[in-house]
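Here the structure is laid out as structure tokens; the discussion comes afterwards.
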Amino acid sequence: MGGLVNERLIAVLGPTNTGKTHYAIERMVAHSSGCMGFPLRLLAREVYDRVVAIKGKDQVALLTGEEKILPPGARYFLCTAESMPTDRDFAFVALDEAQLAADPERGHVFTDRLLRARGREETLILGSETLRPMLRALTPDAEIIGRPRFSTLSYAGPKKISRLPKRSVVVAFSAEEVYAVAEMLRRLRGGAAVVMGALSPRTRNSQVQMYQAGEVDYLVATDAIGMGLNMDVAHVAFASLRKFDGKRSRRLTIPEMAQIAGRAGRHQRDGTFGTLGSEGSGASFDPEEVLAIEGHHFKPLDHLYWRDGRPDFSSVGKLIGSLEARPDRDGLRAAPEAVDLAVLKRLAAEPDIAHRARGQAMTERLWAACGLPDFRKTGSEAHARLVARVFQHLSEGDRKLPAHWFADEIARLDTVQGDVETIADRIASARTWAYIAHRADWLADPALWAERTRQLEEKLSDALHERLTQRFVDRRTSVLLRDLDKKGAEMLPVTIGADGEVSVADEPIGHLTGFRFVADANARHADMKRLMAAAERRLGDELARRAKALANDPDKAFTLATDIGRPVAIFWRGDVVARLGKGRSLAEPRLTLHRTLDPLATDHKAKVIDRLERWLSASISRHLAPLAAIAAAARDKATAPVLRGLLAPVAEAGGIVSRATVAAALPSLDRDQRRVATHLGLKIGTLDLFVPALLKPEPMRWRLALLAAFANADMPPVPAPGAAMVGNPDPLLRGAACRAGFRDLGDQMLRVDLVERLARHAHDARQGHRPFVPDPSLSTSLGLKPPAVGRLMRTLGFAQHRRGESDAPVAWLWRGRRPDRVDAPRARPGNAFGALARLLPPQAQGAHG
């Protein structure tokens, strides 16, 4: 380099997948020394590893902005284009992806290397066929060799993400889109590796290795994938055909499309490309774009971007002037203002910086500081502040960065906590400090800090790889899919653990609870049916074994499930096995096995049904014995017809019925018949007929469950266990509470046994037809509000009567509509305290009502 005249200048031009990079490596190692410039740090690192395998570590150097491996006797240098040494003599020099000289952001760097980087014996320019006319104009002595693509690249059209062929790469143009596609592939296809230009080489290599090793069959990448990264790719799917180029969102050019699509196919194996989605669902290739990509026909470049590669450092002003100078050769255009120049112009306007940057040496130092890349993508304004601080340290004292400042910045980044985005941001910052550490004249001990930043980046890179894998790869699913392809579903071993875990090929796919198989949510993907087919071979035997266990289990293994809003069901060992529906009567519901028991043989089903019916009958007899007795008496022909007419509606209503409903039958009852009703547990109250024993919490739950089953309805809400009053019920709870045994008093509902006690107290407290005031402490103790008390008193046949003062207690008058007599002893007149004690809710009495 350094201006030496080469013996041979060769340009190898052609589409992607022509083996140009491999050819260049072979040419370089055949020389005594060589240097290759690449567009990406990732690609430089990949080729570095390949050359090390040929020549050994002590012979090979790697130079990028934030990574330098420079053995003392290195003869072969692999570099990013910006880091290619221009002051060394090499026998061989190569520039890869030289068509990037037309890139507005970095094109001037590639143009400078194309014009000035020369090998003593041979120079190789690698690039697209579109570069041919510009090479002819700028390097007329170059020997141009066209390389045909080894394999065919053809358009495969749009494909849904669930239909992507294996060994596919999906290309997206933002980190957010990359993550979204990778997450979808994890759910549908077991996962994907992720490659982005911002990843460190270590993270990228780890991700690519997963893909190359077949641990995952999909890779999601940014357009960095188009720059020479060689992998086993069968199909390239574009998630979008637009990208943000730093200034605006635009459609990809046809050469850019071809560069990316060309990753598909390897050597002589054909490849395909297309878009992600379905027909008409989004971006798609135009017919002329498809023809151009398949035929490798692209519009030749008519210009390259240029900036003076040897600017004038005599002053900052002259430096800026030379960097903004226009080229004097046809085909070259002045490069748009890059970040380093924008930062330089901002800092030159600051008096302190301008004062420090006097003379050629300090001007060069300022320009070197402005070359610090904006890895964090913070923008020129924020990045200029960091550069200014760096230059201030480099222009005072010992002209070095303070070690304590550098150490503090490194320590701030030295944590692996956080998600993918957080760790990726830390790596971007770590790259900034790694770049600084590799400037030999910026730190007192650059080797120490270069090693520290290397360790930090590796630590963060390993953490990022782990987070990416955790987030975007379901290793269990990917292993299963691989085994499915090799063995087929019928050959995979299926095991069912003691805890019910179902595994296929030692990979858990779900859990068997009772008779119900629940697939692991993380294992739901397109091939779950195939996995279930393998599992069903063993599930039949296991279900039969469980049916036998159910038939022999004691009563404690069964429960009545009364989840609100769901059908009433029977659970065995914690999971549903049957549901209840309308049967011959309320106490004889119909039992239907849950669909998860459908695979059972007929004899196993019969045994299960028999065991469940025996448990259900015993449970109803235990919890609802009075109701069963009333229902039996109502059916018994020996029972007096008038009494049967009273008991039948009580049984049908679940043990509680309004007195008005059976008012026609009550006057006909004689003393003996009333005694029979009382013996059955039935209470004939002032407003309701009810069975006090059925108002306890568990009988109440069972009654509501049987009523719901008889109506083929879902389970309604149940009042709180032991509750005496329900406040502000919604319509659903109001209806359920009425059936459960609560009387509707407007915004409040009171349990019927306490309503009966209040009724007795009211009739005992009145004195003929004179106004009287009920004891207010009684309603207060029950939690009743005045509107509810008023509604109850009017229902009982009283009318409101006020005294003179508006704030006086409400008095009531008996209107003469006396209900039937109350079947209980009357409280002693005047003994208000004793009556109150008897009327307290059950919680206050220490017993259920």
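The model shown is predicted, which means the values in this text are computed figures rather than measured ones. We number each residue from 1, following the sequence as shown. Scope of the values below: all heavy atoms of this structure, side chains included, with no hydrogens, waters or symmetry mates.
The side-chain contact (heavy atoms from CB on, under 4.5 Å) with Tyr48 is formed by just one residue from the set Thr64, Ile69, Leu63; it is Ile69. Here the options are Glu381, His383, Arg389, the test is side-chain contact (heavy atoms from CB on, under 4.5 Å), and the partner is Arg385; only Glu381 passes. Test Asp49, Val47, Val52 against Val60 for side-chain contact (heavy atoms from CB on, under 4.5 Å) and you get one pass: Val52.
Residues Asp308 and Arg310 have side chains in contact (heavy-atom distance under 4.5 Å, counting atoms from C-beta outward). Between Arg204 and Glu46, some side-chain heavy-atom pair lies under the 4.5 Å cut-off. Considering only heavy atoms from C-beta on, Leu138 comes within 4.5 Å of Arg329 through its side chain. Counting heavy atoms from C-beta outward, Phe77 and Met84 have side chains that stay 4.5 Å or more apart. Side-chain atoms of Leu323 and Asp340, non-hydrogen and from C-beta on, never get closer than 4.5 Å to each other.
Between Ala261 and Val236, the shortest heavy-atom distance links the atoms O-CG2, 4.0 Å. The two residues Arg113 and Glu82 have their closest heavy-atom pair at NH2-O, 3.4 Å. Of all non-hydrogen atoms in Leu464 and Val420, the two that sit nearest each other are CD1-O, 3.7 Å. Minimum interatomic distance between Ala450 and His438 (heavy atoms only, all atoms of both residues): CB-NE2, 3.9 Å. Scanning all heavy atoms of the two residues, the minimum distance from Glu122 to Ile10 falls at OE2-CD1, 3.5 Å.
Ser240 places no side-chain N or O within donor-acceptor distance of the main-chain N or O of Ala172, the cut-off being under 3.5 Å. Checked by atom type and distance alone, the side chain of Thr203 pairs as donor or acceptor with a backbone atom of Ser461 at under 3.5 Å. No side-chain donor-acceptor contact under 3.5 Å links Glu67 to the backbone of Leu62. In terms of modelled atom types and a separation under 3.5 Å, the side chain of Arg118 and the main chain of Leu114 share a donor-acceptor contact.
Relative orientation of the Trp433 and Phe406 rings is perpendicular, given thresholds of 30° and 60° on the angle between their planes.
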For residues 364-371, which side-chain N or O atoms pair as donor and acceptor with protein atoms under 3.5 Å away, sequence neighbours left out?
unit_1: Glu364; atom_1: OE2; unit_2: Gln360; atom_2: NE2; d: 3.1
unit_1: Arg365; atom_1: NE; unit_2: Leu394; atom_2: O; d: 2.9
unit_1: Arg365; atom_1: NH1; unit_2: Asp441; atom_2: OD2; d: 3.2
unit_1: Arg365; atom_1: NH2; unit_2: Arg399; atom_2: O; d: 2.6
unit_1: Arg365; atom_1: NH2; unit_2: Asp441; atom_2: O; d: 3.0

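In summary, the side chains of His31 and Arg120 do not present any donor paired with an acceptor at a separation below 3.5 Å, with no hydrogens or angles considered. Side-chain contact, Ser395 with Arg356: a donor N or O sits under 3.5 Å from an acceptor N or O.
Here the CE atom belonging to Met36 is positioned 6.0 Å from the OG1 atom belonging to Thr21, to the nearest 0.5 angstrom. One finds the CD1 atom of Ile254 at 8.0 Å from the CG atom of Asp286 (value rounded to the nearest 0.5 Å).
Between Glu143 and Arg8, at least one side-chain N (NZ, or NE/NH1/NH2) sits under 4.0 Å from a carboxylate O, which counts as a salt bridge. Contact check on Glu457 versus Arg454 returns no salt bridge, with no Lys/Arg side-chain nitrogen under 4.0 Å from an Asp/Glu carboxylate oxygen. A salt bridge links Arg251 with Glu289: at least one charged nitrogen is closer than 4.0 Å to a carboxylate oxygen.
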Could you go through the side-chain contact (heavy atoms from CB on, under 4.5 Å) check for Arg202 and His465 one step at a time?
CA-CA 9 Å; Arg202 189 180 182 92; His465 171 64; over 6 Å; no
